[in-house]
Amino acid sequence: MDGEDEQPTAPRAPGNRAVVLGVLAATVAVLLVQAVSGTSARLVLLLVFLPALLAGLGTVAQTVAASVWVTAVVVAHSVLFPPGDLPARLGTLLGVVAAEAAVIGLCARRVRRERQLSRMRQVAVALQRQLLRPLPVTTPDVRLDGLYRPLEQDAMVGGDLYDVAETPHGTRVLVGDVQGKGLLAIGTGFAVLSAFREAAFREPRLTAVADALEAAVERHNAYAEQSGEQERFVTATVLCVRAPDSNDGGTDDGGRATEVRAVNCGHLSPYLLRPDGRVEPVPLDAGLPLGLAALAATGEPRPERRFTLPGDGVLVLLTDGITEAQDASGAFYPVERGLADLAAVPADALPEALDRRARRWSGGSSRDDVTVLALRPAPEPPAPPEPPAR
């Protein structure tokens with residue numbers, strides 16, 4: 001997902017030429033039908049609906065122009081083919097003018113509303129760029145591809161969060177999910193991301209990074225309690241990936257096996273997609289979500305788990321927007337089987353392919369934000385050229 005490319009846009013108004021041609025064609029058609037009908041019915045009044053259609057699609061200027069044209073046509077028709085008495089003629093004219101004035105007012109209100117929504121979308125896009133880093137990201141240790149799709153497309157930002165930091169301690173990756181939705185959930189997510197961007201560089205131990213995130217959520221909850229807002233917790237997984245030295249050699253699959261360290265804070269365990277197509281859930285030690293550490297009686301730091309990512313393997317990190325996709329019978333999407341079916345899909349296309357399958361499973365409906373990250377070892381840099389022999 002690239003936050004700079006996926007910006008919602010308001011529907012465009014039809015061009016002036018198309019509006020002019022459409023209004024003229026409709027006017028000619030109505031007048032011809034009126035002429036050949038041979039009845040006393042004033043079919044010309046049907047033209048009043050033309051500005052009403054433009055009020056929902058076009059600009060205020062187009063609606064005003066169409067209203068003036070329709071009023072002129074009705075007045076001209078009344079002069080050439082007057083009704084029985086003057087009061088009827090005046091009543092028709094006043095009715096047309098009142099209808100067109102109401103239509104113009106509705107169009108102006110609609111355009112004003114669209115401009116407000118456009119400004120809100122621009123703010124959401126700017127907020128998204130500050131919260132979520134555009135993907136893909138490549139560091140000396142990893143290549144990270146991914147997809148982020150909020151539940152509400154117009155909101156642009158939901159409760160899911162992720163980040164990548166290239167630090168002296170290795171590349172550190174965060175993926176998480178804030179309890180709840182809305183602006184308050186976004187505020188909690190921003191607190192977590194801000195703490196991660198500081199602690200990822202400052203703390204040499206991964207468990208200390210998790211402790212910093214815990215402290216950030218606790219501080220945010222304390223502020224929320226003082227403000228009368230709801231306290232929230234955050235499920236998250238923090239990883240640290242460091243590529244081996246080039247002199248360590250490669251692996252049998254042609255890549256560089258990479259050590260991964262992970263601390264789980266109540267989040268979904270990642271899946272390891274091996275080069276031979278096998279899919280294995282990575283058994284991380286369960287930990288309490290961020291913001292709930294005070295419930296632990298021991299007070300010990302969260303445990304750290306180490307495992308190896310094969311050179312051509314892919315580590316898939318996700319949120320419950322995928323795992324909780326349900327079909328018509330209520331069955332949840334089988335992530336492990338879905339990943340096995342997508343074993344031949346390139347890593348950069350894997351997140352979108354998995355999201356499409358989950359949406360197809362649920363009939364196109366979503367119950368939560370969706371985040372899918374595909375992490376793989378960075379390609380080994382080419383060896384420097386040997387100096388020429390003297």
Side-chain angles (χ1 to χ4, degrees), residues 120 123-124 126-133 148-152 154-165 172-200 202-203 205-239 262-270 284-305 317-324 366-371 373:
M120 292 175 62
V123 171
L127 178 61
Q128 183 189 53
R129 290 174 180 171
Q130 294 299 317
L131 286 176
L132 303 177
R133 186 173 182 176
Y148 170 74
R149 180 171 56 81
L151 176 62
E152 299 178 4
D154 286 343
M156 296 296 293
V157 181
D160 288 2
L161 55 93
Y162 67 85
D163 204 356
V164 186
R172 287 175 166 175
V173 180
L174 168 70
V175 60
D177 188 1
V178 181
Q179 174 200 13
K181 296 289 179 290
L183 292 176
L184 299 181
I186 294 175
T188 306
F190 186 74
V192 173
L193 288 171
S194 299
F196 173 78
R197 289 164 184 171
E198 290 289 335
R202 183 183 68 239
E203 302 294 345
R205 294 182 298 110
L206 194 62
T207 53
V209 177
D211 292 340
L213 303 184
E214 174 67 35
V217 176
E218 289 179 352
R219 288 192 299 268
H220 186 81
N221 282 339
Y223 177 80
E225 185 179 9
Q226 294 173 0
S227 306
E229 300 171 358
Q230 178 186 355
E231 299 181 29
R232 299 175 186 272
F233 63 83
V234 182
T235 65
T237 299
V238 187
L239 303 99
V263 176
N264 186 15
C265 306
H267 197 66
L268 299 172
S269 294
L284 299 182
D285 297 314
L288 288 173
L290 301 173
L292 301 180
L295 300 179
T298 61
E300 298 180 356
R302 292 178 171 87
E304 178 183 288
R305 166 85 174 181
L317 309 164
L318 22 92
T319 58
D320 54 13
I322 294 289
T323 59
E324 293 184 358
S366 298
R367 301 177 56 187
D368 205 346
D369 308 321
V370 171
T371 299
L373 304 179

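By the 4.5 Å heavy-atom criterion applied to side chains, F196 and V238 are counted as neighbours. When side chains are defined from C-beta on, R197 counts as touching D163, because their heavy atoms get closer than 4.5 Å. The shortest distance between side-chain heavy atoms of V217 and L213 does not fall below 4.5 Å. For the pair I322 and V370, the minimum side-chain heavy-atom distance is below 4.5 Å. L174 has its side chain within reach of V192: a pair of non-hydrogen atoms, C-beta onward, lies under 4.5 Å apart.
Here the shortest heavy-atom pairing between P270 and L284 reads CD-CD1, 3.5 Å. Between A200 and A165, the shortest heavy-atom distance links the atoms CB-CB, 4.0 Å. The two residues T207 and R302 come nearest to each other via the heavy atoms CG2-O, 3.3 Å. Annotation for C265 and L290: closest pair SG-CD2, 3.8 Å, computed over non-hydrogen atoms. Minimum heavy-atom separation, A293 to L288: CA-CD1, 4.3 Å. Of all the heavy atoms in D320 and T323, the pair that sits closest is CA-OG1, 3.1 Å.
In terms of modelled atom types and a separation under 3.5 Å, the side chain of Y162 and the main chain of L318 share no donor-acceptor contact. Distance alone, capped at 3.5 Å, is enough to place a donor-acceptor pair between the E214 side chain and the G291 backbone.
Taking CG of L239 as the reference point, atom CG of L206 lies at 7.5 Å (rounded to 0.5 Å). For the atom pair CG (L132) and CG (L161), the distance works out to 7.5 Å, reported to the nearest 0.5 Å. Note that NE2 of H220 is 3.5 Å distant from OG1 of T188, once rounded to the nearest 0.5 Å.
For R219, the side chain to side chain donor-acceptor pair (under 3.5 Å) criterion is met by no residue, not counting sequence neighbours. Taking E198 as the reference, R202 meet the side-chain contact (heavy atoms from CB on, under 4.5 Å) condition, with sequence neighbours excluded.
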message = The test is side-chain hydrogen bond (donor to acceptor under 3.5 Å, both in side chains); show your working for T319 and D177 and say whether it passes.
response = CA-CA 7 Å; T319 58; D177 188 1; 5.4 Å; no
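Evaluation of the side chain to side chain donor-acceptor pair (under 3.5 Å) test over residues 223-236, restricted to residues two or more places apart or in two chains, returns T235-H267.
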